[in-house]
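Chain naming here is simple, since letters A, B, ... match the order of the sequence lines and numbering starts at 1 in each.
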Protein chains: 2
Amino acid sequence: METGDETRFDRGDETPERLKGQLSRLVGMTAAQLRRVAGDALGAVGARKDHFVVLATLAEFGSASQAALSDRTRIYKSDLVAVLNDLADGGWVRRAPDPVDRRRNVVTLTDSGERRLAELDRVLADVNERVMAPLDHDERRQLFALLGRVNAHLDTPPGRPGHA
Amino acid sequence: METGDETRFDRGDETPERLKGQLSRLVGMTAAQLRRVAGDALGAVGARKDHFVVLATLAEFGSASQAALSDRTRIYKSDLVAVLNDLADGGWVRRAPDPVDRRRNVVTLTDSGERRLAELDRVLADVNERVMAPLDHDERRQLFALLGRVNAHLDTPPGRPGHA
DNA sequence: CTGTTGCGTTAGTGGTACTAACGATATACG
DNA sequence: CGTATATCGTTAGTACCACTAACGCAACAG
(Lines give C-alpha, C1' and ligand atoms only; values in the text may rest on other atoms or scores of the structure.)
Protein backbone atom coordinates (compact mmCIF):
# COMPACT_ATOMS: atom_id res chain seq x y z
CA MET A 1 0.00 0.00 0.00
CA GLU A 2 1.07 3.51 -0.64
CA THR A 3 1.49 5.75 2.33
CA GLY A 4 -0.73 8.55 1.13
CA ASP A 5 -3.96 6.70 1.29
CA GLU A 6 -5.14 6.04 4.79
CA THR A 7 -4.57 9.38 6.46
CA ARG A 8 -8.07 9.58 7.91
CA PHE A 9 -7.85 10.15 11.59
CA ASP A 10 -4.54 9.29 13.08
CA ARG A 11 -2.39 12.23 12.19
CA GLY A 12 -0.95 11.70 15.63
CA ASP A 13 1.32 14.52 16.58
CA GLU A 14 -0.36 17.22 14.56
CA THR A 15 -3.06 18.89 16.53
CA PRO A 16 -6.34 17.48 15.31
CA GLU A 17 -7.28 21.02 14.40
CA ARG A 18 -10.91 21.92 14.52
CA LEU A 19 -12.95 18.93 13.64
CA LYS A 20 -12.21 16.59 16.46
CA GLY A 21 -12.54 19.09 19.28
CA GLN A 22 -16.22 19.63 18.72
CA LEU A 23 -18.34 17.64 21.11
CA SER A 24 -21.32 18.43 18.94
CA ARG A 25 -19.72 16.61 16.03
CA LEU A 26 -18.69 13.58 18.02
CA VAL A 27 -22.04 13.26 19.73
CA GLY A 28 -23.83 13.98 16.50
CA MET A 29 -22.00 11.29 14.57
CA THR A 30 -22.51 8.78 17.34
CA ALA A 31 -26.17 9.64 17.57
CA ALA A 32 -26.64 9.28 13.83
CA GLN A 33 -25.12 5.84 13.84
CA LEU A 34 -27.07 4.82 16.93
CA ARG A 35 -30.26 6.05 15.37
CA ARG A 36 -29.52 4.02 12.31
CA VAL A 37 -28.73 0.82 14.17
CA ALA A 38 -31.67 1.14 16.54
CA GLY A 39 -33.99 2.22 13.74
CA ASP A 40 -33.01 -0.76 11.61
CA ALA A 41 -33.49 -3.18 14.48
CA LEU A 42 -36.89 -1.73 15.34
CA GLY A 43 -37.87 -1.52 11.70
CA ALA A 44 -37.16 -5.23 11.35
CA VAL A 45 -40.07 -5.91 13.69
CA GLY A 46 -42.23 -3.15 12.24
CA ALA A 47 -41.71 -0.61 14.99
CA ARG A 48 -40.26 2.83 15.47
CA LYS A 49 -38.48 4.21 18.44
CA ASP A 50 -41.41 6.35 19.50
CA HIS A 51 -43.50 3.21 19.77
CA PHE A 52 -41.12 1.97 22.38
CA VAL A 53 -41.01 5.28 24.17
CA VAL A 54 -44.78 5.53 24.43
CA LEU A 55 -45.27 1.90 25.45
CA ALA A 56 -42.57 2.17 28.08
CA THR A 57 -44.05 5.38 29.44
CA LEU A 58 -47.49 3.85 29.68
CA ALA A 59 -46.06 0.83 31.46
CA GLU A 60 -44.17 2.94 33.93
CA PHE A 61 -46.70 5.67 34.66
CA GLY A 62 -49.98 4.06 33.73
CA SER A 63 -52.77 5.26 31.49
CA ALA A 64 -52.66 8.89 30.54
CA SER A 65 -54.08 11.51 28.26
CA GLN A 66 -52.22 12.38 25.10
CA ALA A 67 -51.18 15.69 26.58
CA ALA A 68 -49.65 13.94 29.58
CA LEU A 69 -47.94 11.45 27.31
CA SER A 70 -46.57 14.27 25.24
CA ASP A 71 -45.11 15.89 28.32
CA ARG A 72 -43.57 12.73 29.63
CA THR A 73 -42.13 11.44 26.39
CA ARG A 74 -41.05 14.76 24.90
CA ILE A 75 -42.90 13.75 21.79
CA TYR A 76 -44.84 16.66 20.36
CA LYS A 77 -48.54 16.17 20.65
CA SER A 78 -48.86 16.64 16.93
CA ASP A 79 -46.49 13.77 16.25
CA LEU A 80 -48.02 11.66 18.97
CA VAL A 81 -51.20 11.27 16.96
CA ALA A 82 -49.53 9.12 14.30
CA VAL A 83 -47.67 7.09 16.88
CA LEU A 84 -50.89 6.32 18.74
CA ASN A 85 -52.61 5.48 15.48
CA ASP A 86 -49.91 2.91 14.81
CA LEU A 87 -50.09 1.51 18.31
CA ALA A 88 -53.89 1.38 18.27
CA ASP A 89 -53.87 -0.32 14.86
CA GLY A 90 -51.59 -2.97 16.32
CA GLY A 91 -53.91 -3.42 19.28
CA TRP A 92 -51.17 -2.42 21.67
CA VAL A 93 -53.00 0.54 23.17
CA ARG A 94 -56.63 1.55 23.53
CA ARG A 95 -57.68 5.15 23.01
CA ALA A 96 -60.98 6.02 24.64
CA PRO A 97 -62.60 9.36 25.44
CA ASP A 98 -62.25 10.40 29.06
CA PRO A 99 -65.74 10.49 30.64
CA VAL A 100 -64.78 13.18 33.14
CA ASP A 101 -63.32 15.53 30.53
CA ARG A 102 -64.48 14.77 27.07
CA ARG A 103 -61.70 16.74 25.45
CA ARG A 104 -59.29 14.08 26.55
CA ASN A 105 -58.44 10.62 25.31
CA VAL A 106 -57.34 8.11 27.88
CA VAL A 107 -54.62 5.95 26.40
CA THR A 108 -54.26 2.54 27.97
CA LEU A 109 -51.74 -0.21 27.46
CA THR A 110 -53.35 -3.53 26.47
CA ASP A 111 -52.06 -6.97 27.32
CA SER A 112 -50.60 -7.46 23.88
CA GLY A 113 -49.12 -4.02 24.33
CA GLU A 114 -47.17 -5.28 27.30
CA ARG A 115 -45.93 -8.17 25.25
CA ARG A 116 -45.01 -5.81 22.44
CA LEU A 117 -43.08 -3.67 24.89
CA ALA A 118 -41.17 -6.70 26.11
CA GLU A 119 -40.32 -7.56 22.53
CA LEU A 120 -39.07 -4.09 21.70
CA ASP A 121 -37.21 -4.01 24.99
CA ARG A 122 -35.32 -7.13 23.98
CA VAL A 123 -34.53 -5.70 20.56
CA LEU A 124 -33.18 -2.50 22.04
CA ALA A 125 -31.27 -4.23 24.82
CA ASP A 126 -29.56 -6.19 22.11
CA VAL A 127 -28.69 -3.04 20.21
CA ASN A 128 -27.45 -1.45 23.40
CA GLU A 129 -25.22 -4.39 24.06
CA ARG A 130 -23.76 -4.34 20.56
CA VAL A 131 -23.14 -0.63 20.70
CA MET A 132 -21.45 -0.63 24.06
CA ALA A 133 -19.45 -3.75 23.36
CA PRO A 134 -16.10 -1.96 23.45
CA LEU A 135 -16.75 -0.58 26.93
CA ASP A 136 -16.58 -2.49 30.17
CA HIS A 137 -19.11 -2.06 32.92
CA ASP A 138 -17.42 0.82 34.69
CA GLU A 139 -16.85 2.69 31.47
CA ARG A 140 -20.49 2.33 30.55
CA ARG A 141 -21.49 3.80 33.86
CA GLN A 142 -19.07 6.66 33.35
CA LEU A 143 -20.36 7.39 29.89
CA PHE A 144 -23.94 7.43 31.14
CA ALA A 145 -23.06 9.67 34.03
CA LEU A 146 -21.12 12.16 31.92
CA LEU A 147 -23.71 12.32 29.19
CA GLY A 148 -26.41 12.57 31.78
CA ARG A 149 -24.80 15.60 33.32
CA VAL A 150 -24.31 17.36 30.02
CA ASN A 151 -27.85 16.53 29.13
CA ALA A 152 -29.29 17.78 32.39
CA HIS A 153 -27.31 20.96 32.05
CA LEU A 154 -28.63 21.57 28.55
CA ASP A 155 -32.14 20.95 29.81
CA THR A 156 -32.07 23.90 32.18
CA PRO A 157 -30.57 26.89 30.40
CA PRO A 158 -32.15 29.80 32.32
CA GLY A 159 -33.55 30.13 35.82
CA ARG A 160 -34.23 26.91 37.72
CA PRO A 161 -30.87 26.80 39.46
CA GLY A 162 -31.65 23.76 41.59
CA HIS A 163 -34.79 22.23 42.93
CA ALA A 164 -34.81 25.20 45.34
CA MET B 1 -50.39 12.25 46.20
CA GLU B 2 -47.30 13.56 47.90
CA THR B 3 -44.89 14.91 45.31
CA GLY B 4 -47.43 14.57 42.59
CA ASP B 5 -46.25 16.82 39.89
CA GLU B 6 -42.51 16.79 39.46
CA THR B 7 -41.77 13.08 39.33
CA ARG B 8 -39.79 13.39 36.12
CA PHE B 9 -36.48 11.63 36.47
CA ASP B 10 -35.41 11.08 40.03
CA ARG B 11 -37.42 8.11 41.10
CA GLY B 12 -34.31 7.15 43.01
CA ASP B 13 -34.48 3.64 44.34
CA GLU B 14 -36.88 2.26 41.78
CA THR B 15 -35.06 0.83 38.85
CA PRO B 16 -35.28 3.36 36.06
CA GLU B 17 -37.09 0.73 34.03
CA ARG B 18 -36.58 0.86 30.31
CA LEU B 19 -36.25 4.41 29.28
CA LYS B 20 -33.11 5.44 31.05
CA GLY B 21 -31.08 2.35 30.23
CA GLN B 22 -31.03 3.06 26.55
CA LEU B 23 -27.82 4.69 25.44
CA SER B 24 -29.48 5.48 22.16
CA ARG B 25 -32.02 7.64 23.94
CA LEU B 26 -29.51 9.47 26.09
CA VAL B 27 -27.16 10.10 23.20
CA GLY B 28 -30.05 11.00 20.97
CA MET B 29 -31.47 13.56 23.35
CA THR B 30 -28.06 15.06 23.95
CA ALA B 31 -27.36 15.20 20.25
CA ALA B 32 -30.69 16.86 19.55
CA GLN B 33 -29.99 19.58 22.07
CA LEU B 34 -26.45 20.02 20.88
CA ARG B 35 -27.62 20.28 17.34
CA ARG B 36 -30.07 22.89 18.36
CA VAL B 37 -27.59 24.97 20.31
CA ALA B 38 -24.88 24.72 17.68
CA GLY B 39 -27.35 25.26 14.87
CA ASP B 40 -28.73 28.38 16.49
CA ALA B 41 -25.28 29.80 17.10
CA LEU B 42 -24.19 29.14 13.53
CA GLY B 43 -27.49 30.36 12.17
CA ALA B 44 -26.94 33.66 13.97
CA VAL B 45 -23.99 34.30 11.67
CA GLY B 46 -25.69 32.84 8.62
CA ALA B 47 -23.90 29.52 8.58
CA ARG B 48 -24.67 25.85 8.95
CA LYS B 49 -22.59 23.15 10.47
CA ASP B 50 -21.63 21.65 7.15
CA HIS B 51 -20.12 25.00 6.20
CA PHE B 52 -17.78 24.66 9.10
CA VAL B 53 -17.02 21.04 8.36
CA VAL B 54 -16.11 21.73 4.74
CA LEU B 55 -14.07 24.83 5.52
CA ALA B 56 -12.19 23.02 8.25
CA THR B 57 -11.50 20.07 5.99
CA LEU B 58 -10.19 22.30 3.25
CA ALA B 59 -7.97 24.09 5.73
CA GLU B 60 -6.57 20.87 7.10
CA PHE B 61 -6.16 18.82 3.94
CA GLY B 62 -5.95 21.44 1.26
CA SER B 63 -7.84 21.84 -2.01
CA ALA B 64 -9.75 18.80 -3.13
CA SER B 65 -12.36 17.53 -5.53
CA GLN B 66 -15.93 17.28 -4.34
CA ALA B 67 -15.65 13.51 -4.25
CA ALA B 68 -12.62 13.72 -1.97
CA LEU B 69 -14.41 16.27 0.20
CA SER B 70 -17.41 14.00 0.40
CA ASP B 71 -15.23 11.14 1.60
CA ARG B 72 -13.43 13.21 4.17
CA THR B 73 -16.41 15.03 5.60
CA ARG B 74 -18.93 12.17 5.42
CA ILE B 75 -21.23 14.57 3.66
CA TYR B 76 -22.99 12.89 0.77
CA LYS B 77 -21.84 14.23 -2.53
CA SER B 78 -25.43 15.06 -3.39
CA ASP B 79 -25.76 17.24 -0.32
CA LEU B 80 -22.33 18.73 -0.78
CA VAL B 81 -23.49 20.58 -3.87
CA ALA B 82 -25.71 22.94 -1.91
CA VAL B 83 -23.08 23.48 0.76
CA LEU B 84 -20.50 24.44 -1.84
CA ASN B 85 -23.00 26.71 -3.55
CA ASP B 86 -23.45 28.54 -0.27
CA LEU B 87 -19.74 28.74 0.35
CA ALA B 88 -19.01 29.88 -3.18
CA ASP B 89 -21.76 32.51 -2.97
CA GLY B 90 -20.10 33.86 0.15
CA GLY B 91 -16.75 33.94 -1.61
CA TRP B 92 -15.29 31.52 0.92
CA VAL B 93 -14.34 28.86 -1.59
CA ARG B 94 -13.59 28.78 -5.29
CA ARG B 95 -14.86 25.96 -7.46
CA ALA B 96 -12.93 25.53 -10.70
CA PRO B 97 -12.80 22.67 -13.18
CA ASP B 98 -9.74 20.47 -12.84
CA PRO B 99 -7.63 20.80 -15.99
CA VAL B 100 -6.19 17.29 -15.70
CA ASP B 101 -9.58 15.64 -15.27
CA ARG B 102 -12.42 17.73 -16.48
CA ARG B 103 -15.01 15.70 -14.62
CA ARG B 104 -13.70 17.13 -11.41
CA ASN B 105 -14.03 20.44 -9.67
CA VAL B 106 -11.16 21.62 -7.58
CA VAL B 107 -12.48 23.32 -4.48
CA THR B 108 -10.12 25.83 -2.90
CA LEU B 109 -10.32 27.83 0.27
CA THR B 110 -10.06 31.57 -0.29
CA ASP B 111 -8.56 34.11 2.06
CA SER B 112 -11.93 35.25 3.25
CA GLY B 113 -12.75 31.58 3.63
CA GLU B 114 -9.97 31.27 6.17
CA ARG B 115 -11.37 34.22 8.02
CA ARG B 116 -14.83 32.73 7.88
CA LEU B 117 -13.48 29.50 9.27
CA ALA B 118 -11.87 31.34 12.16
CA GLU B 119 -15.17 33.05 12.86
CA LEU B 120 -17.15 29.81 12.87
CA ASP B 121 -14.44 28.21 14.94
CA ARG B 122 -14.91 30.87 17.58
CA VAL B 123 -18.66 30.45 17.54
CA LEU B 124 -18.41 26.70 17.98
CA ALA B 125 -15.70 26.86 20.60
CA ASP B 126 -18.04 29.06 22.56
CA VAL B 127 -20.86 26.57 22.19
CA ASN B 128 -18.55 23.76 23.17
CA GLU B 129 -17.55 25.61 26.28
CA ARG B 130 -21.13 26.30 27.27
CA VAL B 131 -22.14 22.72 26.69
CA MET B 132 -19.30 21.18 28.62
CA ALA B 133 -19.49 23.68 31.43
CA PRO B 134 -20.55 21.12 34.05
CA LEU B 135 -17.54 18.91 33.33
CA ASP B 136 -13.99 19.53 34.43
CA HIS B 137 -11.03 18.95 32.19
CA ASP B 138 -10.49 15.31 33.03
CA GLU B 139 -14.14 14.50 32.63
CA ARG B 140 -14.19 16.13 29.24
CA ARG B 141 -11.29 14.00 28.16
CA GLN B 142 -13.04 10.91 29.45
CA LEU B 143 -16.26 11.74 27.66
CA PHE B 144 -14.40 12.27 24.39
CA ALA B 145 -12.45 9.07 24.79
CA LEU B 146 -15.49 6.96 25.61
CA LEU B 147 -17.62 8.41 22.85
CA GLY B 148 -14.72 8.09 20.46
CA ARG B 149 -14.41 4.40 21.16
CA VAL B 150 -18.10 3.74 20.73
CA ASN B 151 -18.05 5.76 17.58
CA ALA B 152 -15.06 3.97 16.13
CA HIS B 153 -16.64 0.66 16.93
CA LEU B 154 -19.85 1.61 15.15
CA ASP B 155 -17.83 2.68 12.16
CA THR B 156 -16.50 -0.81 11.50
CA PRO B 157 -19.37 -3.25 11.80
CA PRO B 158 -18.26 -6.27 9.73
CA GLY B 159 -14.88 -7.70 8.78
CA ARG B 160 -12.03 -5.20 8.85
CA PRO B 161 -10.69 -6.43 12.18
CA GLY B 162 -7.61 -4.23 12.14
CA HIS B 163 -5.51 -2.69 9.46
CA ALA B 164 -4.13 -6.25 9.07
C1' DC C 1 -74.06 33.80 26.95
C1' DT C 2 -69.11 35.08 26.12
C1' DG C 3 -64.29 34.93 26.29
C1' DT C 4 -60.47 32.03 27.47
C1' DT C 5 -57.96 27.99 27.96
C1' DG C 6 -56.78 23.07 27.23
C1' DC C 7 -57.28 19.06 24.12
C1' DG C 8 -56.59 16.30 19.96
C1' DT C 9 -56.01 16.74 15.15
C1' DT C 10 -54.36 18.40 10.56
C1' DA C 11 -51.09 20.58 7.90
C1' DG C 12 -46.86 22.34 6.89
C1' DT C 13 -41.63 23.74 7.53
C1' DG C 14 -36.88 22.82 7.66
C1' DG C 15 -32.96 20.03 8.53
C1' DT C 16 -30.54 15.59 8.11
C1' DA C 17 -29.43 11.03 6.21
C1' DC C 18 -29.70 8.50 2.15
C1' DT C 19 -30.81 6.53 -2.80
C1' DA C 20 -31.45 6.76 -7.80
C1' DA C 21 -30.56 8.37 -12.03
C1' DC C 22 -28.42 11.28 -15.59
C1' DG C 23 -25.16 13.87 -18.64
C1' DA C 24 -20.51 14.48 -19.17
C1' DT C 25 -16.00 12.90 -19.07
C1' DA C 26 -12.29 9.64 -18.42
C1' DT C 27 -10.36 4.93 -18.78
C1' DA C 28 -9.86 -0.04 -20.31
C1' DC C 29 -10.32 -3.45 -23.58
C1' DG C 30 -10.97 -5.54 -27.94
C1' DC D 1 -10.27 3.09 -33.62
C1' DG D 2 -14.88 2.03 -30.94
C1' DT D 3 -17.40 0.56 -27.30
C1' DA D 4 -18.22 -0.74 -22.66
C1' DT D 5 -17.52 0.69 -18.06
C1' DA D 6 -16.47 3.57 -14.23
C1' DT D 7 -16.22 8.19 -12.04
C1' DC D 8 -17.69 13.10 -11.24
C1' DG D 9 -20.91 16.58 -10.26
C1' DT D 10 -25.68 17.44 -10.30
C1' DT D 11 -30.78 16.98 -9.82
C1' DA D 12 -34.53 14.91 -7.81
C1' DG D 13 -36.82 12.44 -4.55
C1' DT D 14 -37.54 9.56 -0.10
C1' DA D 15 -37.96 9.04 4.80
C1' DC D 16 -37.45 10.45 9.39
C1' DC D 17 -37.15 13.79 13.08
C1' DA D 18 -37.90 18.18 15.56
C1' DC D 19 -40.90 21.88 15.58
C1' DT D 20 -44.83 25.52 14.62
C1' DA D 21 -49.48 27.16 13.42
C1' DA D 22 -54.10 26.86 13.29
C1' DC D 23 -58.62 24.80 13.90
C1' DG D 24 -62.75 22.60 15.97
C1' DC D 25 -64.27 21.09 20.20
C1' DA D 26 -65.12 20.78 25.01
C1' DA D 27 -64.59 22.84 29.67
C1' DC D 28 -64.77 26.56 32.54
C1' DA D 29 -64.86 31.37 34.60
C1' DG D 30 -67.10 35.57 34.55
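- Each of A:Arg115, A:Arg122, A:Arg116 was evaluated against A:Glu119; a single residue qualifies, A:Arg116, per the side-chain hydrogen bond (donor to acceptor under 3.5 Å, both in side chains) test.
- Residue B:Gly28 comes nearest to A:Ala31 through the heavy atom pair CA-CB, 4.5 Å, listed as atom of the first residue, atom of the second, then distance.
- One atom, NZ of B:Lys77, and another, C1' of D:dT11, lie 12 Å apart when rounded to the nearest Å.
- In the hydrophobic clustering of this structure, A:Val53 groups with A:Val45; members are Ile, Leu, Val, Met, Phe, Trp, Tyr whose side-chain heavy atoms approach within less than 4.5 Å, directly or through other members.
- B:Arg48 has a side-chain polar atom (N or O) that falls below the 4.0 Å cut-off from OP1 or OP2 of C:dG15.
- Contact check, B:Arg103 against C:dG23: no side-chain N or O comes under 4.0 Å of OP1 or OP2.
- Residues of residues 81-99 of chain B having a heavy atom closer than 4.0 Å to DNA chain D, listed by number: B:Val81, B:Arg95.
- The CZ atom of B:Arg36 sits 16 Å away from the C1' atom of C:dT16 (whole-angstrom rounding).
- Among the nucleotides D:dA12, D:dA6, D:dG9, the one closest to the side chain of B:Ser78 is D:dA12.
- With rounding to whole Å, B:Arg74 atom CZ is found 16 Å from C:dT16 atom C1'.
- Mapping B:Tyr76 and B:Arg102 onto DNA chain C by nearest heavy atom places B:Tyr76 closer to the 5' end of the strand.
- A salt bridge does not link A:Glu60 with A:Arg72: every distance from a Lys NZ or Arg NE/NH1/NH2 to an Asp or Glu carboxylate oxygen is 4.0 Å or more.
- A:Gln66 and A:Arg104 form no side-chain donor-acceptor contact under 3.5 Å, judged by distance and modelled atom types alone.
- Residues B:Trp92 and B:Val106 do not share a hydrophobic cluster, clusters being chains of Ile/Leu/Val/Met/Phe/Trp/Tyr side chains in contact below 4.5 Å.
- Relative to the side chain of A:Gln66, the nucleotides C:dA17, C:dG8, D:dA18 differ in distance, and C:dG8 lies closest.
- Residue B:Arg35 has its side chain nearest to D:dA18 when only C:dC7, C:dT25, D:dA18 are considered.
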Under the criterion salt bridge (charged side-chain N to carboxylate O under 4.0 Å, His left out), I'd like the reasoning laid out for A:Arg140 against A:Asp136: C-alpha separation, chi angles, the key distance, then a yes or no. CA-CA 6 Å; A:Arg140 297 181 190 196; A:Asp136 67 31; over 6 Å; no
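- Rounded to an integer number of Å, the gap from B:Asp71 CG to D:dG9 P is 10 Å.
- Taking the nucleotide of DNA chain D with the nearest heavy atom to each of B:Asp79 and B:Ala67, the more 5' of the two is matched to B:Ala67.
- Between A:Leu42 atom CG and D:dC17 atom P there is a gap of 10 Å when expressed in whole angstrom units.
- Rounded to an integer number of Å, the gap from A:Asn105 CG to D:dC25 P is 15 Å.
- Regarding A:Arg104, its CZ atom lies at a distance of 17 Å from the P atom of C:dT5, rounded to whole Å.
- In this structure, CG of B:Asp50 is placed 11 Å from C1' of C:dA17, rounded to the nearest angstrom.
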